[in-house]
Amino acid sequence: MKLADMTVKDYLDLLKSDAPAPGGGSVSALTAAQGVGLVGKERYRDFEAVCIAAKAEADALCEKLTLAIDKDTEAFNLVSAAYKLPKETEELKAARSKAIADATLKATEVPFETLTLCLEGLKVTAKLVGKSNP
């Protein structure tokens, strides 16, 4: 089951367990998705156009961040799997080393993507300062 499809309670139970994932990247993506989910409340009619545009941007970011919750865990799982590859021969060691390097690169790219989405979220919400729910 995808983390993003879990109930909040089930997700939190898994998070506090000794399971290797979810970890910090998934938590970051979920937190950011919640933040941008608050954008664009409808009380500020004088700034309706700005709020509607920000809400559309925030909704798109929320979708991407929701996907990032599981992408981070999937990247972590690739690293874990790579470390479990056999290493009995030089050929196997080389293949394992390459798999570890490739998976580690992916595992650094995913949090960077989440960070980039978080920055986009901050830029969207900055447009609403004084024009929306504080």
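At a threshold of 4.5 Å between non-hydrogen side-chain atoms, the residues Tyr83 and Leu78 do not count as touching. Within the 4.5 Å cutoff, the side chain of Leu65 has heavy atoms near those of the Thr114 side chain.
With rounding to the nearest 0.5 angstrom, the CG atom of Leu12 is 8.5 Å from the CG atom of Leu30. For the atom pair Leu61 CG and Cys118 SG, the distance stands at 9.0 Å (nearest 0.5 Å). Between the OG1 atom of Thr66 and the NZ atom of Lys71 there is a distance of 12.5 Å, given to the nearest 0.5 Å. To the nearest 0.5 Å, atoms CD (Glu120) and CD (Glu57) are separated by 9.0 Å. Between atom NZ of residue Lys131 and atom CG of residue Leu128 there is a gap of 7.5 Å, rounded to the nearest 0.5 Å. To the nearest 0.5 angstrom, Lys64 atom NZ is 12.0 Å from Asp59 atom CG.
Lys2 and Glu74 are joined by a salt bridge, as a carboxylate oxygen and a charged side-chain nitrogen come within less than 4.0 angstrom of each other.
Phe112 and Leu117 sit in two unconnected hydrophobic clusters of ILVMFWY residues. Membership requires side-chain heavy atoms under 4.5 Å apart, directly or through other members. Under the 4.5 Å side-chain heavy-atom criterion for Ile, Leu, Val, Met, Phe, Trp and Tyr, Val27 and Leu67 are members of distinct hydrophobic clusters. Val129 and Val124 end up in different hydrophobic clusters when Ile, Leu, Val, Met, Phe, Trp and Tyr side chains are linked at under 4.5 Å.
Among residue pairs with one or both ends in residues 15-30, those qualifying as side-chain hydrogen bond (donor to acceptor under 3.5 Å, both in side chains) are Ser26-Thr73; sequence neighbours excluded.
Residue Leu3 comes nearest to Pro22 through the heavy atom pair CD1-CB, 3.6 Å, listed as atom of the first residue, atom of the second, then distance. Heavy-atom minimum distance, Ile69 versus Ala29: N-CB, 3.7 Å. Of all the heavy atoms in Gly130 and Phe47, the pair that sits closest is O-CE1, 4.0 Å. In terms of heavy-atom proximity, Ala4 sits nearest to Asp70 at N-OD2, 3.1 Å.
Atom CD of Glu109 has more than 12 heavy atoms from other residues, nucleotides or ligands within 6.0 Å.
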Worked verdict on Asp102 versus Lys106 for salt bridge (Lys or Arg N to Asp or Glu O under 4.0 Å)
CA-CA 6 Å; Asp102 291 347; Lys106 182 68 174 172; over 6 Å; no

Please test Lys93 against Glu90 for salt bridge (Lys or Arg N to Asp or Glu O under 4.0 Å), starting from the C-alpha separation and ending with a verdict.
CA-CA 5 Å; Lys93 285 180 186 177; Glu90 290 305 314; 3.6 Å; yes

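Not counting sequence neighbours, the partners of Thr104 by the side chain to side chain contact (heavy atoms under 4.5 Å, CB included) test are Val79, Ile100.
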